[in-house]
Amino acid sequence: MATHETDEKKSTKFDVLVAGAGYVGLATAVSIKQARPSLHVAIVDAAPPEVWRKDGRASAIAAAACRMLDRLGCWEEIAPEAQAITDMVITDSKAADPVRPVFLTFDGEVGAGEPFAHMVENKALNGALRRRAAELGIDIIEGVAVQSFETAGAITKVHLADGVSMDVRLLVAADGVNSRLRDMAGIKIVRWDYGQSGIVCTVAHERPHGGRAEEHFLPAGPFATLPLKPTKDGVNRSSIVWNERTEDAEKLVKGDPFVFEVELEQRFGLKLGEIRVEDKPRAWPLGLTLARSFVAPRFALAGDAAHGIHPIAGQGLNLGFKDAAALAETIVEADRLGQDIGALDVLERYEVWRRFDTVRMGVTTDVLNRLFSNDIGPIRAVRDIGLGLVDRVPRLKEYFIRQASGLTGETPRLLKGEAI
């Protein structure tokens, strides 16, 4: 890892500069560099390194993304910290209902011994990708934001906030749903707010979860319980993603911790014994964001910078990994053919590859959220009948498992576990 302050002799000419050292940015850089060592790749991130080290959240990593991480040389480090999701249960009820009937269950495997997803703490995932980036010789410049950039001919000149300028052939923006670089590039977005926020926290509980994930569809939005690896001291834990109306969510996370735990217990239940909140709950506003274009000359969007979707299907991060794999494959193949990796016609191949899938997933999660985040009697009856039908048709259940695992459609090689 490198910073300009500590090593001013580092080159300021790069083939690829990735803005954003989250999972998508790191995975993009590692994927390109591993497949094409001759390309000079760097990452720049506005956040200081202590931010990712203090991230207490966890993410659901689909089977396809696990295959990609294994191919990139990261999964061996992550696996001991990963909790396999062995099955999933879906219910539809009100928070105060004494009984929550199960409408749909999923077996958690896409193949013999291969779960459709794992839960991984963000620190473990980020740390493994950073370690691999360092092994490959990728420069990571932290605590410095991109101030501006301009493209002229075969080069984009990138200006950092510390006064350093870089010449790059391709700039990749993986800087999140509120991407500043996307705005600088003049790319417009479609966005609307759901009026919901997702409350995230870790809960300790008496009894083991057995690898089961649960999603309760409540009138204000879905409440998901996702299994985590027990601590070294044997403490059983789960990650909570709790959707509430934004006003209510803000009151809950900023209010009395006792009130928060009472409301949480009402939704979580006591099936796993007594519970306690392990960290400070945080609320994230939810909405749908879709970029009107994923590319411009010498510029590409990846991850949440290109699309932000509702977490109801747990696919946001996995869409980002698909972006990373597809963009890396596009760039590497172009470079092998002697083509300009930043040329618009090359980048448009990536856009065509990824745009339909992300728009489809955005629309799907939007419809699901509107369908399940309400308490209208006739709609509840129809959706419960639909869930019951899916539960009784093995081929449909298998289809949804494959969708959730990320193993459908025109899958990039890395997500199949293959080298680029």
Side-chain angles (χ1 to χ4, degrees), residues 1 18 20-31 34 43 45 47-86 108 114-136 138 140 142 174 176 200-205 208-209 211 213 224-241 277-282 284 303-304 311 314-322 324-325 405-406 414-415 417:
M1 300 182 188
V18 179
Y23 324 115
V24 175
L26 287 163
T28 301
V30 169
S31 299
Q34 177 171 289
I43 303 170
D45 193 85
E50 57 267 22
V51 172
W52 73 267
R53 293 192 182 102
K54 293 179 179 178
D55 190 347
R57 296 171 297 167
S59 299
I61 310 299
C66 293
R67 293 180 182 184
M68 175 178 176
L69 290 166
D70 186 42
R71 173 58 64 176
L72 295 180
C74 298
W75 187 247
E76 185 176 354
E77 180 179 335
I78 295 169
E81 308 297 326
Q83 171 63 54
I85 298 178
T86 56
E114 184 180 14
F116 81 91
H118 286 79
M119 286 298 297
V120 178
E121 290 189 82
N122 291 357
K123 287 180 288 189
L125 178 58
N126 198 304
L129 283 165
R130 284 169 176 264
R131 187 264 309 161
R132 184 61 180 142
E135 286 180 354
L136 292 169
I138 296 171
I140 302 181
E142 300 180 277
V200 180
C201 65
T202 301
V203 173
H205 40 81
H209 44 58
T225 304
L226 304 164
L228 292 176
K229 197 84 168 181
T231 66
K232 293 179 181 178
D233 298 328
V235 177
N236 298 305
R237 303 177 302 150
S238 292
S239 177
I240 300 301
V241 182
V277 178
E278 289 281 275
D279 55 1
K280 182 174 176 56
R282 299 181 66 183
W284 308 85
D304 286 351
Q315 290 299 303
L317 177 59
N318 295 296
L319 279 180
F321 276 125
K322 279 189 177 181
S405 67
L414 284 171
L415 293 172

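The first residue in the sequence is number 1, and the count goes up from there.
- Here the side chains of Cys201 and Asp279 are in contact, with some heavy-atom distance below 4.5 Å.
- Although no hydrogens or angles enter the test, the distance criterion places no donor-acceptor pair under 3.5 Å between the side chain of Asn318 and the main chain of Ala63.
- When atom types are taken as modelled, the side chain of Asp233 and the backbone of Val235 share no donor-acceptor pair closer than 3.5 angstrom.
- Note on Arg131 versus Glu77: salt bridge recorded, some NZ/NE/NH1/NH2 to OD/OE distance being below 4.0 Å.
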- Task: Give the intermediate values and the outcome of side-chain contact (heavy atoms from CB on, under 4.5 Å) for residues Ser31 and Met68.
- Result: CA-CA 9 Å; Ser31 299; Met68 175 178 176; 3.4 Å; yes
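- At most 12 heavy atoms of other shown residues, nucleotides or ligands fall within 6.0 angstrom of atom CD in Glu76.
- Here the NE2 atom belonging to His209 is positioned 10.5 Å from the OG1 atom belonging to Thr225, to the nearest 0.5 angstrom.
- Atom NE2 of residue His118 and atom CD of residue Glu81 lie 12.5 Å apart, to the nearest 0.5 angstrom.
- Listed here is the closest heavy atom pair of Val18 and Ala29: CG2-CB, 4.2 Å.
- Looking at every heavy atom in both residues, Leu226 comes nearest to Ala213 through CD2-CB, 4.0 Å.
- Inter-residue side-chain proximity for Ile61 and Phe321 is flagged as met; some heavy-atom pair is nearer than 4.5 Å.
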- Step by step, would you call Leu136 with Val30 a side-chain contact (heavy atoms from CB on, under 4.5 Å)? CA-CA 7 Å; Leu136 292 169; Val30 169; 3.8 Å; yes
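- Contact check on Glu135 versus Arg132 returns a salt bridge, with a Lys/Arg side-chain nitrogen under 4.0 Å from an Asp/Glu carboxylate oxygen.
- Using a 4.5 Å heavy-atom cutoff, the side chains of Arg237 and Gln83 are not in contact.
- A side-chain donor-acceptor contact under 3.5 Å links Gln34 to the backbone of Arg71.
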- Query: How far apart are the C-alpha atoms of Leu129 and Leu69, what are their side-chain angles, what is the distance that settles it, and do they pass the side-chain contact (heavy atoms from CB on, under 4.5 Å) test?
  - Reply: CA-CA 8 Å; Leu129 283 165; Leu69 290 166; 4.0 Å; yes
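- For Ala21 against Leu26, the heavy-atom pair with the smallest separation is O-CD1, 3.5 Å.
- Evaluation of the side-chain contact (heavy atoms from CB on, under 4.5 Å) rule for Asn236 yields His205, Pro208, Pro230 as partners, not counting sequence neighbours.
- Of all the heavy atoms in Val120 and Ala82, the pair that sits closest is CG2-CB, 3.8 Å.
- Side-chain contact between Leu125 and Leu317 is present, with at least one heavy-atom pair separated by less than 4.5 Å.
- At least one donor-acceptor pair under 3.5 Å links the side chain of Thr86 to the backbone N or O of Gly211.
- Scanning all heavy atoms of the two residues, the minimum distance from Cys74 to Ala128 falls at SG-O, 3.8 Å.
- Taking the side chain as every heavy atom from C-beta outward, Val24 and Asp304 never approach each other to under 4.5 Å.
- Looking at Val200 and Ile240, their side chains never come closer than 4.5 Å, going by heavy atoms from C-beta outward.
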- CA sep, side-chain torsions, deciding dist, call: Trp52, Asn122, side-chain contact (heavy atoms from CB on, under 4.5 Å): CA-CA 8 Å; Trp52 73 267; Asn122 291 357; over 6 Å; no
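- In terms of heavy atoms, Glu278 sits closest to Val203 at CG-C, 4.2 Å.
- Salt bridge present: Arg67 and Glu114 bring a charged side-chain N and a carboxylate O closer than 4.0 Å.
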